[in-house]
Amino acid sequence: MAGRGTRTVVIAGVPAGLLQDELLADILTIHFQMSRNNGGDVEQVTYPTRKTGVAYVTFEDAGVVERVLKKDQHLLQDKRLPRPFPLTVTRYCHDAFLWVTSTLNMAVFRDHLVLEDLVEEMKQQSPALSFGPLQRDGQIAVQGSFPALRVLRDFLLLKAKPLSEEDKRERKSHQRPRRKLQERRGAAEMRNSTRDEQREKRVLVLDTDIYHYMKSFYPKALQGNDVVISGVTDGDITTVCIESAGSKAGATQGLKAKKTIEDYSVELQKILWKERIWLKEPSRAGKQRHRQLCDRLKARYPTVLVIHYDTHLDVVGTSADVLGFTEEVKRHSR
């Protein structure tokens, strides 16, 4: 029989909280056994998981995975559900660990759009994402796979582009002639502006685990000729800034560095998986024992990245390596 990972798919969009977990698991089992859904015999449904609205479905035959993935749309329907719910189905090792929560500030659209209508449009545009309530200050929490969040980001950038152009026209029409500044202050500002003009910035948003994995195993991806690359981490998201000279050659190097990082990110999204191991002994001695154990296992799993936190460990790598590594840690921790 094929390995469990090759027989498993990740299901996002499960309507969490509407029914008891056992009932939802049964409904998922029925859905993925039906021939009209390209389904087959289901070995196990894992639900709930640590990711809200996500389930794992393992089939008895790996061939069913390919059939299920080919179906254009999966709608979860049952008389116990108030309406059909669209599901996103992906391979077990593809998007499973790329599940992040991001807080979006929608206040920038407030002067031009009705925020409630925009949020509804976002939900229709990205049915695989989970949206929290819209706050009074315009902030909203969004949870889902990192690729789905990137699609939403691109959608919002398209929405924002005509608004920024409109703001530029308004500022230009109201612009007043600048008064002459004092000579010393003017000279200082000229030096600063010249320095700014000589640098060009490009920004990328990466999943934090992918960023750490790149730093550990592909450091050259975050380096380049005549560019300065830095990262600022905010939870599950890391913003990467690429600074290059403002000349034509510098712009070329900046674009080259940006494309290199993007290419690595895309490839790593396809192969990486993450598991979280909660520490039974979050004391200093307990954490030290886990660190020593992980160091010993690194020789057998050289391409696994272990990120240590106060209460848990995050293990990142290929699905086979991560599953093997976590099983070893759990076995030695018993």
Tell me whether [X] is salt-bridged to [Y], with the criterion being a basic N under 4.0 Å from an acidic carboxylate O.
X      : Y      : answer
Arg331 : Glu327 : no
Arg7   : Glu43  : yes
Arg300 : Glu328 : yes
Asp263 : Lys259 : yes

Problem set entry | Under 3.5 Å: donor-acceptor pair, side chain of Ser265, backbone of Ile261 | no

Exercise. Does Lys298 use its side chain to pair, donor to acceptor, with the backbone of Val304 at less than 3.5 Å?
Worked result: yes

Exercise. Taking everything shown except Arg291 itself, do over 12 heavy atoms lie less than 6.0 Å from its CZ?
Worked result: no

For this session: Decide if atom CD of Gln292 counts as having more than 12 heavy atoms of other residues, nucleotides or ligands within a radius under 6.0 Å.
Result: yes

Exercise. Under the 4.5 Å side-chain heavy-atom rule for ILVMFWY, direct or indirect, which residues accompany Met34?
Worked result: Ile30

For this session: Using side-chain contact (heavy atoms from CB on, under 4.5 Å) as the criterion, list what pairs up with Arg80, not counting sequence neighbours.
Result: Leu19, Leu23, Ile27, Asp78

Exercise. Relative to each other, are the rings of Phe59 and Phe32 parallel, tilted or perpendicular (30° and 60° limits)?
Worked result: perpendicular

For this session: Check whether the side chains of Thr303 and Asp321 place a donor and an acceptor atom closer than 3.5 Å, and report yes or no.
Result: yes

Exercise. ring-ring contact (aromatic ring centres under 6.0 Å, His included) with Tyr301: which residues, sequence neighbours excluded?
Worked result: Phe325

Exercise. Quick one: are the ring centres of Tyr309 and His312 less than 6.0 Å apart?
Worked result: yes

